[in-house]
Amino acid sequence: MKSTEVEVVQEKIAEKQQEPSHSEHTHKDFFGAKIGMWLFLFTEMLLFGGLFLAYMVYRLQYSIDFVIAAQDLNLLLGTINTIILLTSSLTMALSIAAIQRGRKALSIFFLLSTIGFALAFLVIKYFEWTAKFHHGIYPNSPELLNKPNGEIIFYGLYYSMTGLHALHVVVGAILLLFMLLFLWRNKIHKEDYIKLENSGLYWHLVDLIWIFLFPLFYLIH
Amino acid sequence: MSNETNSATQLSYLDYKPKKGIWAWLLTTDHKRIGLLYLIGMMIFFWVAVGIGFVMKLEMLTPDQTVVDAQTYNSLFTLHGLIMIFLFIIPGLPAVFGNFFLPIQIGAHDVAFPRLNLLSWYLYIIGGLFALVSLHLQGGPIDTGWTFYVPYSIRTTTNVILPLLGAFILGFSSILTGLNFVTTVHRLRAPGMTFFRLPLFVWALYATAWIQVVATPIVGITILLVVIERVLHIGIFDPALGGDPLLFQHLFWIYSHPAVYIMILPAMGVVSEIIPTFARRTIFGYKVIAFSSLAIALIGYFVWAHHMFTSGMSETARFVFSLLTFLVAVPSGVKVFNWVATLYKGSIELRAPLIYILMFIFLFSIGGLTGLVLGSLATNVHVTDTYFVVAHFHYVMFGGTAIVFFAAMHYWFPKMFGKMYNEKIAIWATPFIFIGFNMLYFTMFILGYQGMPRRYWSYLPEYQELHIISTIGSWILIFGLVIMFSNLIFGLIKGRRADSNPWGGVTLEWQIPSPPPHENFEKIPVIDHGPYDFERFKNENKNEIDRS
Amino acid sequence: MEKEHKHNLIPYGTYFLVWLSLISLTVLTVSVAGVDFGRIALFLALTIAAIKSTLVINYFMHIKFDQPIFKFFLAVALATLATIFILTSTDVFFR
Amino acid sequence: MEQALRNYAQNVDNVMLYIIGISFLLLLVITIAMVYFVIRYNRKKNPVASQIEGNKILEIIWIVVPVALVLTMFFYSESVYKVARNVPKGAMNVNVEAKMWQWKFTYENGKVTDTLFLPVGKPVKFNIVSADVNHSFYIPAFRIKEDAIPGRENYMVIEPKDVGAFDIACAEYCGLNHSLMYTKVFVVPENEFFAWYNGEVDNTYLQKFVLAHSGGYKDYITGNYALLFAKGCVQCHSLDGSKNYGPSFTELSRGYAKIRSNGKLETIPIDRDYIARSIISPGEHVVVGYEKAKMPLLTNRIRDEELTQIVDLLLTNFVKKSNEN
Ligand code: HEA
Ligand code: HEA
Ligand code: CUA
Ligand SMILES: [Cu+2]
């Protein structure tokens, strides 16, 4: 969009504000809401950024231990989960595209499938984790403590990073459930779908993070 | 724009009560009320920390035990640091005066997300309560220092987890405030209020808000990892399991160095407001000051490891970070020079707020310039972790930010409450504060250079004389502060009515009644001039100026 | 505002294409992981991840079609991240 | 380069002077300008302000000049500091282990102490580790410290320039007794150090040695009393009247000595013979008040001509001095 257009938009908004209004503004500022959402996403990015930084430091220090430890991760499940999340991102985007065109039912369908994928992801994650637990590999387990430091750290990072990510998936799924409700009740519709759009942004971020987690943990050889 | 006509049509924010009783405050989304809520919360936490500081200085009177034992002292300085940093000085200016005046100064009715704003306040209070509750739990108050260095923080048996979670929540509160301000500045400027017509306080808050948004999450995750380490033993920070304590220090300072600019930038913004008002002239080098705020925010990001020069980092890192540290001093210097130049050929009225600002310039310069000593490798290695550092950061934080906080309280007092404090008494408090401050903290530079390490409960007898001078200084200082605060509180109760523009300021907040009406502006103003255009203002409001 | 949204209507097909590329990139990175690329293996994996995330950000998250200010914001955040990594490297890579 | 490490503390002080000097000037300029403007352009004297928006040249000056200034500071400081990160060839290794709340020093030959002993004028490299939490190995007099971090080994180099005793502090917060984690480093002449290192003398010997003449190192090498230092007499006999293991040499100026010989109290004049006998057969007569302390037999360390020299020295400098008065 050209800058002149931005100015036009800004002036329009300014006009709106000039109308005597009350503090519960009747006009919503979609653009502002989106700015807010993006800023929030940045904080999430940096939150994980800290963890990735830790990963970098330790990968450098314990590169061999990392390779050994990574052999025990289930590449197949990891790949399936990657595909699931990517697909959920697609359905999320489609859900927004549908409501943009005013097609509520389609939008709801796509949103439901997104939530479905989220659940599938979590179920697979659950099996992955419990399998590890059965092998006695979890933080502070005697089995793990016997291993070299590098492997302990690898699993420390693995559990905290995928754990935090899983937490985000859960939060995202709950958020999407609310959106479903709003869609259902026509609170989200063709003219006002910023909530759905923002939740979508959040959901894509969850996907983005996984895009990096996946090679860093599952693809070390 | 006289007071009477306006108050007839619009209720002041203090009188406008959409809800009953206390709920009119606790559920308000009015940015001005939220600002006051912050002020109240901050007052309470703050005086607790001041009391602790006072006790610490008492303890330092003699080389051995004076009033408290070692364990207590360790908890005291930790709490003192924690409260001062996370509950007072980081939220301080943005949350109180930023909340109150940012929307007014850009000509808006409120911030972009008023309800989020209230949520920030609740998070702030909850975070503070976490810290306070931890004091009364088994294990005793946290004793790690405000820096939480591992592995001590994962070994100590005191209550670490709760204050850490408190800090995490406070971090979120800070992020949300920052996010709110960035959006507000982008979206809610009045028509014609271009970026280069923003008052410099807004510029400073904008730069600060960005740091809050992109730096705070790092400390958030760091703190969480420490908590996880304590509970689950994942090894990331535990050297016994292969963890790297230096990684913690990096992560901690990646946030906490930018955080010191979160503390000082808003203060610098306030200075750029007060000086023009009392000099009756436009600021010298508006754009340079505006950009130096951004420059400080930016370069401030590149220097964190100057807190780690002796930690065993690589030589390369020592070199790089020292060099960058020196560069960050330049934009601060630019501001100082521009402020002084703004006094040149002004028409200066020496009122209490300006006196505090002059004091700020002097004290902050000392603090900042000794920052150079700390940034230089050779000298840092000698004075790091000594009282020299303690002196440095009190000069910049207390002599810098807190003194500006006082200036801001005086400057905006009539606007916020529609009352006036007693000017004479306000001025009388300043010499006590100035002398007490320097006695208290300048001695610490000397102590530090002589090699007295910080966080010491007992010390070698040869340091005692200086400690005594310093402690006496703290009494004088507190005396001055008590005068100042009592005067303000007295003004609040008994002060005479203030009119809408007692100082002859020209930014938007002075164009509306005191205290501001609930909606700030009846009609959003249209802006066609810079923020400090006294020339224009004089022609338009001749009478207004002559009166003051 | 409404006009803006109509502006941005992206065909469903585009999303499918993006999705297809994402999936194929995933398949690529997994199959390539078996091959011994030595030191550049990590680099390769991260490059693929970077390409994938560019796709997600540009299309799914609409950055490509949104107002320039979002690109600028994103640049700030990414630059911050980059700074943190590079400057920390001056320590950990030279120890 | 070698000199640089030896003079490190001095150089650090110079850097400090340089930075503080410039800072002080800047502060002075700022403060004077500020105060002058406030007085000169007071509302009464200057009722109408001039609206000066800025001045490009000035602003460029006060960006460029500070940049230049801080760069000189940086490079000066860095050039000084570099020396302290450079391990000189032939440096002696000492392992330093910090533990809540004490220090442990291990020497190359396996000797372990809790107080540090170093030879003067020889570069030393400390390999610093920690057994529990972070500490920092800080010797203020040498203007240097380095943290002890569990799980890693840090290093630090110094080259002691003077004989003396200096404080070692812990400068990184480490819990309850952080402030009590003090010890000392004793810097002694090389031969004394090696006598100790090889187990010929014990810790207290070196400590006393240093304490006896802190500040008097110059005398040791060149001064009148060189021999008294070399033979270690000053360990027990001070030169300034202060009390120590043995009577101060200034006591000789009494002219008469109250002694106990074979249990009997006697007073005999202090002369050449008395002094010589005190040294070659210490147990024969004991100065009153020092019955419990014993002067060791040092004849194996003193050759005959040295003995005469010592006696002469004591006679002329202590005994005679009093006679003149
Ligand atoms: C408000 C907070 C604040 C501010 C603004 C600053 C500002 C600066 N600080 Fe400070 N600092 C702290 C708060 C702050 N600091 C705290 C809390 C700690 C200790 C943390 C802990 O360990 O607990 C600390 C510690 C600290 C250290 C680590 C010490 C150690 O533990 O080893 C260093 C090292 O480089 C440093 C440097 C600087 C520098 C170079 C600036 C610069 O930004 C200063 C710039 C200002 C000026 C230079 C003065 C004005 C300019 C002129 C008068 C013009 C002339 C200028 C030139 C010639 C350049 N600080
Ligand atoms: C803003 C920050 C701030 C402020 C104002 C102060 C104020 C004081 N500090 Fe501060 N101090 C720190 C931040 C601060 N401190 C930090 C971060 C540490 C490091 C902790 C650590 O090592 O972990 C520290 C450490 C520290 C030490 C070193 C402990 C050690 O290493 O052993 C000492 C020693 O005496 C000390 C003394 C004091 C005293 C006597 C006061 C005061 O009591 C002096 C008197 C001041 C007042 C009476 C009031 C000032 C009023 C205002 C600032 C604004 C009022 C505003 C409202 C009410 C809204 N402090
Ligand atoms: Cu050991 Cu402090
Ligand atoms: Cu810093």
C:V76, part contacting chain B, at a heavy-atom distance under 4.5 Å:
side chain

Could you grab the distance from atom NE2 of B:H250 to atom CG of C:L87, nearest 0.5 Å is fine?
9.5 Å

Could you tell me which residues satisfy side chain to side chain donor-acceptor pair (under 3.5 Å) with B:W146, sequence neighbours excluded, listed by chain and number?
none

Just by distance, do the side chain of B:S314 and the backbone of C:T90 share a donor-acceptor pair under 3.5 Å?
yes

Report the residue from B:V214, B:I254, B:L251 that forms a side chain to side chain contact (heavy atoms under 4.5 Å, CB included) with C:I84.
B:I254

Which answer fits B:V182, side chain, backbone, both or neither, if we ask what part of it has an atom under 4.5 Å from a heavy atom of chain C?
side chain

Given side chains that start at C-beta, do those of C:F94 and B:F319 come closer than 4.5 Å, heavy atoms only?
no

Over all heavy atoms of both residues, which pair between C:T83 and B:W304 is shortest? Give the atoms and the distance, please.
O-CH2, 4.3 Å

What part of B:F321 is in contact with chain C, defined as an atom under 4.5 angstrom from a non-hydrogen atom: side chain, backbone, both or neither?
side chain

What option among B:D244, B:L298, B:V213, B:V320 has the most heavy-atom pairs under 4.5 Å with chain C?
B:D244

To the nearest 0.5 Å, what is the distance between OG1 on C:T88 and CE on B:M313?
10.5 Å

Can you tell which part of B:I218 gets under 4.5 Å to a heavy atom of chain C, answering side chain, backbone, both or neither?
side chain

Residues in side chain to side chain donor-acceptor pair (under 3.5 Å) contact with B:T310, at least two apart in sequence or another chain:
D:D147

Tell me, side chain or backbone of C:I69 under 4.5 Å from chain B's heavy atoms, or both, or neither?
side chain

Heavy-atom neighbours of C:K71 NZ exceed 12 at 6.0 Å:
yes

